[in-house]
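Read the numbers this way: they start at 1 and go in the same order the structure lists the ligands and their atoms. Each residue takes its place number in the sequence, starting with 1. Note that these values count all heavy atoms, side chains included, but never hydrogens, waters or copies made by symmetry.
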Amino acid sequence: MLLLALSAQSAAGQDAQPAFIGVVECARCHRSPTPLDQESGATDWAALTEFDTWYRHDKHSQAFKLLDSERGRQMGQILGIDVLHDAQCLSCHCNLLPHLPPLSELEQKQGVSCESCHGPGSDYEKPHRDPSWRRLPGSEKEKLGMVDVRDPRRRAKQCLSCHVGNAAEGKLLTHAMYAAGHPPLPGFEIETFAREMPPHWRPLADKPAFIRDDPRILEAIHEKPDEVHAARSVVMGGVMSLAESVRLLSEQAAAIEPGQWPDFAMFDCQMCHHELQSPSWRQRRLADDRPVPRPSQPRMRQWPTVLVELGIGHVHRGDDNARRQAREQLAELLAQFQQAFDGTAWGSPRAADHRLPAASGALLNWLEALAEQLDRAGYGRSDGRKLLAELCVLGDQPSLDYDAARELAWALEAIGSALPFGEAASADDWQRALAALDRALLLDLPATQQRSILDPRRQRAAYEAIGNYDPAEVRRRFGEAAKLLGAE
Ligand code: HEC
Ligand code: HEC
Ligand code: HEC
Ligand code: HEC
Ligand code: HEC
């Protein structure tokens, strides 16, 4: 009877959501492997030391503690909220989702932890330890709550939910939070950010040959033999950055009172906060935009769009016509999306309410189709080199802003460092080209626990890089990198 009742209960609870179990649970096994783990072959797959990397080096494990820093407390005072308990902050600074029961306060203090990225563990905790789990397609893992972070597209979405924002998950950085002192979110390039975390996983190349050669594993983890995985990841991450930015902006717009503007933080800060000297490149670049915006007419940020161009080039390589058409389609869709916000002076918010759903829907569908094509595309070494050459061409444009140029330079570094050089450029020349871009754009991140985002020296360097940003100089640097690669 009891068994029957239990099984009826579990059938009824079939669409019950998986729940968080907390990092302490994960740490039981993911801290130091036992001899049994080695014998069973588990460590051929996962080192089982992931906890230590995260706890000792990864900034994510400090994300909650830093709410209680001087800056965090200052923000709380200005905003009049308790930053250690308010979901507005906890949503991105610890493990919290609006539709799941929250973890205990003690667990929340662990910051952005295993399940923030890998998904709530109650249902996969048991089955995932079995070596057969490795071969499961990502869609099966997702059914038990495990986020398929090995899929570059899914992974990007997961990271972007906090590094750009996600309205459905309650992860929203507002203009008021910026004004209260939140550091501005930098652009996000997935490979660069993953490398800087630092990674607690071993790349496929470092796993034993019987794993590297297993076609079912390769399929399950979205890799192909001999592919430059970083290239796939950069391009997919680029498409996802635009998709998630558009989704955030339109969901935000849908959630507010009719006739109100979405939060200022959703837009390009420099549309309103430009320098007072005139003429400046920030004012000049607007003249290249279509339609030409009036001062203080908000524009979407530019950085999430630049790697989509790279993706278009990759899908339509060798077919200039199709490529031009796709570029025009994207420009048109972006313009329609933008126009939903335009109008007189500030524009009419009612017009935005009215036009946004169709405009954002069309853009998101188009990006989804591009992502499908990119998913099927190949990423061999010669593709990797062509992508590098195209990045240099994209960098050699007149109207890139700082974050957009930085996005391209990060992508260049991420794909370039995954390729063996030889014929095209010597490794030294390549390093010199990257160093020149780094001097102009400050490419490194204050990631890991050894460095601080709010270190005054670091902040001065960051603001100087933005303040002194000279599009013409950065163009030259990309041009020099192009020559090294023998780009046409
Ligand atoms: C009782 C031990 C145990 C616990 C508890 C545990 N794991 Fe694991 N985990 C393992 C083992 C063993 C493997 C390697 C399985 C294999 O051989 O493929 C693994 C593999 C993984 C993988 C790689 C999966 C894949 O598809 O490649 C992830 C991610 C992971 N664990 C995350 C977690 C998270 C997050 C938690 C906490 C919610 C957790 N684990 C709790 C033992 C455990
Ligand atoms: C949309 C997600 C999101 C929300 C919401 C959010 N943050 Fe953040 N926060 C971040 C990210 C991402 C960073 C790292 C920024 C970077 O890379 O420079 C950060 C950095 C910070 C820092 C600097 C940490 C350091 O390393 O010194 C503080 C302090 C902070 N946030 C406080 C808050 C407070 C207080 C709130 C609520 C009022 C809040 N945040 C809401 C995502 C968020
Ligand atoms: C900020 C996001 C994030 C957090 C936090 C995080 N992970 Fe991961 N983890 C990832 C990503 C991304 C990958 C794999 C990417 C890939 O294979 O390309 C990964 C891979 C893994 C793997 C596979 C290892 C391998 O060698 O293939 C294990 C196991 C794992 N994580 C466990 C954990 C545990 C345990 C924690 C908490 C102590 C944790 N992760 C915290 C993002 C995260
Ligand atoms: C549509 C125009 C607009 C956009 C876009 C915009 N802001 Fe603002 N911002 C303003 C205005 C106007 C004020 C002054 C508000 C006030 O005093 O009430 C302001 C104030 C601020 C302040 C406080 C300055 C101070 O001295 O107190 C900060 C910081 C700030 N904005 C950051 C940002 C960031 C970061 C972004 C982009 C993510 C951004 N803003 C986007 C219009 C904008
Ligand atoms: C639940 C929200 C959340 C998720 C998901 C998340 N992050 Fe973060 N990330 C943060 C916060 C908050 C910070 C700032 C932490 C701090 O300063 O202590 C941060 C900081 C970072 C930093 C350091 C940033 C800097 O400016 O130096 C890197 C790198 C990073 N994250 C990479 C990633 C990657 C890669 C992923 C996906 C695999 C990811 N994050 C997923 C919230 C998140």
Side-chain angles (χ1 to χ4, degrees), residues 20-23 25-31 33 37 40-48 50-55 58-63 66-67 69-76 79 81 83-84 86 88-93 95 110-122 124-126 128-136 138 141 146-152 155 158-159 161-166 170-174 176-177 180-186 188 190 193-194 197 199-204 206-207 220-223 229 233 445-447 452-455 462:
F20 291 125
I21 59 175
V23 54
E25 283 299 312
C26 315
R28 277 200 297 134
C29 305
H30 285 280
R31 176 156 200 189
D37 291 325
S40 71
T43 48
D44 292 333
W45 185 241
L48 298 179
E50 294 80 11
F51 174 86
D52 271 4
T53 310
W54 169 81
Y55 188 74
D58 192 329
K59 254 196 172 55
H60 289 115
S61 63
Q62 305 293 306
L66 286 159
L67 290 174
S69 63
E70 200 186 322
R71 180 69 62 94
R73 284 195 302 271
Q74 171 204 318
M75 288 182 62
L79 294 166
I81 60 174
V83 295
L84 299 182
D86 199 305
Q88 289 184 72
C89 308
L90 299 183
S91 55
C92 293
H93 282 264
N95 197 1
Q110 305 306 322
V112 175
S113 55
C114 319
E115 294 167 289
S116 307
C117 293
H118 290 291
S122 62
Y124 67 74
E125 192 269 333
K126 206 141 190 264
H128 91 286
R129 311 172 202 161
D130 194 282
S132 62
W133 180 269
R134 304 168 192 170
R135 295 192 174 78
L136 283 187
K141 297 179 186 175
M146 186 183 271
V147 171
D148 184 15
V149 286
R150 309 223 188 238
D151 175 358
R155 178 198 327 169
Q158 193 71 2
C159 310
S161 73
C162 296
H163 284 272
V164 163
N166 182 314
K171 297 167 172 172
L172 285 175
L173 211 43
T174 63
M177 291 179 191
H182 198 283
L185 291 189
F188 189 83
I190 177 79
F193 273 65
M197 259 169 68
H200 51 261
W201 56 90
R202 283 174 302 175
L204 188 62
D206 295 352
K207 290 182 177 152
I221 65 171
H222 310 264
E223 297 225 27
H229 195 62
S233 177
L445 288 168
S452 162
I453 295 173
L454 296 175
D455 173 350

Identify the closest protein heavy atom to [atom]: which residue and atom is it, and at what distance?
atom                    : answer
atom 21 (C) of ligand 1 : His128 CD2, 3.2 Å
atom 34 (C) of ligand 1 : Cys26 SG, 3.5 Å
atom 26 (O) of ligand 1 : Lys141 NZ, 2.7 Å
atom 32 (C) of ligand 1 : His30 NE2, 3.8 Å
atom 5 (C) of ligand 1  : Glu125 OE2, 2.9 Å
atom 35 (C) of ligand 1 : Tyr124 OH, 3.2 Å
atom 28 (C) of ligand 1 : Met146 CE, 3.9 Å
atom 4 (C) of ligand 1  : Cys29 SG, 3.3 Å
atom 25 (C) of ligand 2 : Leu66 CD1, 3.7 Å

Inset, instruction - Mind running side chain to side chain contact (heavy atoms under 4.5 Å, CB included) on Trp54 and His30 for me, showing each step along the way? - result: CA-CA 11 Å; Trp54 169 81; His30 285 280; over 6 Å; no
Quick test of your reading of the structure: of [options], whose heavy atom lies closest to [atom]?
atom                    : options                        : value
atom 13 (C) of ligand 2 : Val83, Asp455, Leu185          : Leu185
atom 42 (C) of ligand 2 : Gly181, Cys92, Pro446          : Cys92
atom 22 (C) of ligand 3 : Arg134, Arg202, Arg150, His229 : Arg150

Legend entry - Any Tyr55 heavy atom less than 4.0 Å to ligand 3: no
Inset, instruction - Work out whether the distance between some heavy atom of Gln158 and some atom of ligand 3 is less than 4.0 Å. - result: no
Inset, instruction - Determine, stepwise, if the pair Arg31 / Asp52 fulfils salt bridge (charged side-chain N to carboxylate O under 4.0 Å, His left out). - result: CA-CA 6 Å; Arg31 176 156 200 189; Asp52 271 4; 3.3 Å; yes
Inset, instruction - Confirm or rule out an N/O/S atom of Cys117, from backbone or side chain, lying less than 2.8 Å from atom 8 (Fe) of ligand 3. - result: no
Legend entry - Cys159 backbone acceptor or donor facing His163 side chain under 3.5 Å: no
Inset, instruction - Give a yes or no answer on whether the side chain of Ser161 reaches the backbone of Asn166 with a donor-acceptor pair at less than 3.5 Å. - result: no
Legend entry - Part of Gln62 within contact of ligand 2 (heavy atoms, under 4.0 Å): neither
Quick one, [X] and [Y] - any side-chain contact, counting heavy atoms below 4.5 Å?
X      : Y     : result
Leu173 : Cys92 : no
Val83  : His93 : no
Trp133 : Trp45 : no

Using a strict 4.0 Å cut-off to heavy atoms of [X], name the atoms of ligand 2 that fall inside it.
X      : answer
Gln88  : 5 (C), 41 (C)
Leu79  : 38 (C)
Leu67  : 32 (C), 33 (C), 34 (C), 35 (C)
Leu172 : 5 (C)
Ile453 : 14 (C), 16 (C), 17 (O), 18 (O), 26 (O)
Pro186 : 16 (C), 17 (O), 18 (O)
Cys162 : 1 (C), 2 (C)

Inset, instruction - May I ask you to check if ligand 3 and Arg155 share an N or O to N or O distance below 3.5 Å? - result: yes
Inset, instruction - Consider every N or O of His200 and every N or O of ligand 3, then say whether any pair is closer than 3.5 Å. - result: yes
[X]: numbered ligand 1 atoms lying under 4.0 Å from its heavy atoms:
X      : answer
Arg28  : 5 (C)
Glu25  : 5 (C)
Cys114 : 35 (C)
Ile21  : 38 (C)
Pro131 : 16 (C), 17 (O), 18 (O)

Inset, instruction - Pick one of side chain, backbone, both or neither for how Lys207 approaches ligand 3, counting any non-hydrogen atom pair under 4.0 Å. - result: side chain
Inset, instruction - Would you mind telling me if ligand 3 is within reach of the side chain of Ser113, the backbone, both or neither, using heavy atoms under 4.0 Å? - result: backbone
Inset, instruction - Taking all non-hydrogen atoms of both residues into account, name the closest pair between Ile21 and Glu115 and its distance. - result: N-OE2, 2.8 Å
Inset, instruction - Heavy-atom contacts with Trp45 under 4.0 Å: which atoms of ligand 3 show up? List them by number with element. - result: 25 (C), 26 (O), 27 (O)
Inset, instruction - Give the numbers and elements of all ligand 3 atoms closer than 4.0 Å to a heavy atom of His60. - result: 1 (C)
Legend entry - N/O separation below 3.5 Å, His118 to ligand 1: no
Inset, instruction - Nearest 10° is fine: what angle sits at atom 8 (Fe) of ligand 2 between NE2 from His182 and NE2 from His93? - result: 170°
Inset, instruction - Would you please determine whether Ser452 falls within less than 4.0 Å of ligand 2 on a heavy-atom basis? - result: no
